[in-house]
Amino acid sequence: MDNVKEIQDKLIAQVALSDTPREILKSSELKQLYGAITSLPVEERGNYGKSINQLKRALELAITSKELDLENAAVETIDVTAPWDKNTGRLNLLPAEQGTRHPLTTEIENIIDIFTRMGFEAFESRQIDNDENMFGALNFPENHPARDGYDTFRTEEGFIPPAHTSTMQNRILKAGKAKLEAGGQIAAVSYGRVFRNEDLDATHEHTFYQYEGVFVSKDATLGQMIGALRSFFEIYYGQKLKTKTQPAYFPFVEPGLEFAIERPVALGGKPGDWLEMLGCGMIHPNVLKSAGIDPVIYRGFAWGGGVERLVMLKHGIEDIRHFESGKLQFLRKFL
Ligand code: PHE
């Protein structure tokens, strides 16, 4: 009997190490154990038979469990923490099936990169806001017709998915007030998604992106703003550009301007082909006041424009609706 127990332990240890555990059932030691029963006195055969059966069950269990382990180890698993190529190599995926960054993500990063190198601090804008940030703090009087120009969506609770990144101005001004008072300046750029309830066509989308600059100091000038914007566009398009400004009305700037660039010949334009890129101007005194900044001591400028328009010109994209379409054919051009 002791011999049976000893052999059981030995065989189970072999199963754990074997790649073909079922073969162990054919071992000569087992055959000897089975054969030994006939050489025993009749009264001992019952107990002996039981211990042999017990051995067989234990061995069978060990073999089945080892076989399952071997099977599992053979299945390809995805290690979600591994670098991408490690998994694609194992799963034989083609590069075309890899995810890519959306072109807008790449371009927003390019835009923000240029402004941060100029000394602007970047803030992502909100996707839900209120009437005060959308209009009130931006010098839109109650019931003023200029409010209608923004085709705002509203939630049933009265919140507004922002129709421009200017909704960030009041927050940026309030957060930067201490810097001004310590003798510094506010230089911020915000970017993010905006929403307008518009009829859609090749140049109008209900969901798009804007980038917006806010600069305040004791002596900010329109000339600084125009210089900063011209540099920005020339860096973004990588070439010298002709630019111009023309008067425009926005309640939150005075004077208000539109900034236009001449569509470069290299990008399919011809001389005299002007493209309005953004709205801008000197921040209205009431906007500074609503953030608690004294407009007698401080002055500033701001601009805001659409990301898609910039990118469409850069890449020759003819329809703004491609961006939100989710069409792989479009997105793959930016692999
Ligand atoms: N928020 C304006 C728009 O979306 C653009 C703008 C921003 C104009 C800042 C002036 C100053 O139409």
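All ligand and atom numbering here is 1-based and tracks the order in the structure.
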**Study point:** Distance-only side-chain donor-acceptor flag, E107 / Y236, under 3.5 Å
**Key:** yes
Check your understanding: To which protein heavy atom is atom 12 (O) of ligand 1 closest, and what is the distance rounded to 0.1 Å?
Key -> Y150 OH, 3.3 Å
Review point. Should you measure from each heavy atom of Q210, which atoms of ligand 1 turn up under 4.0 Å away?
Key: 4 (O)
Review point. Is it true that K244 and E262 have a side-chain N and a carboxylate O under 4.0 angstrom from each other?
Key: no
Check your understanding: Is the closest heavy atom of R196 to ligand 1 under 4.0 Å?
Key -> yes
Point to revise | Pair Q185-S217, side-chain donor/acceptor within less than 3.5 Å | key: no
Check your understanding: If we only count N/O pairs under 3.5 Å, is S166 in contact with ligand 1?
Key -> yes
**Study point:** Per-residue contact class, W303 against ligand 1 - non-hydrogen pairs under 4.0 Å
**Key:** backbone
Check your understanding: Does even one non-hydrogen atom of G281 get within less than 4.0 Å of ligand 1?
Key -> no
**Study point:** Pairing of E205 and R196 as salt bridge, 4.0 angstrom limit
**Key:** no
Review point. Given that the side chain starts at C-beta and the backbone is N, CA, C, O, which of these parts of C280 lies under 4.0 Å from ligand 1, counting heavy atoms, or is it both or neither?
Key: backbone
Study note, to complete from the structure: For G304, the ligand 1 atoms with a heavy-atom partner under 4.0 Å come out as 5 (C), 6 (C), 7 (C), 9 (C)
Exercise for review: Evaluate whether atom CG of D148 has more than 12 neighbouring non-hydrogen atoms of other residues, nucleotides or ligands under 6.0 angstrom away.
Suggested key: yes
**Study point:** Side-chain H-bond candidate by donor/acceptor type, D113 with N110, under 3.5 Å
**Key:** no
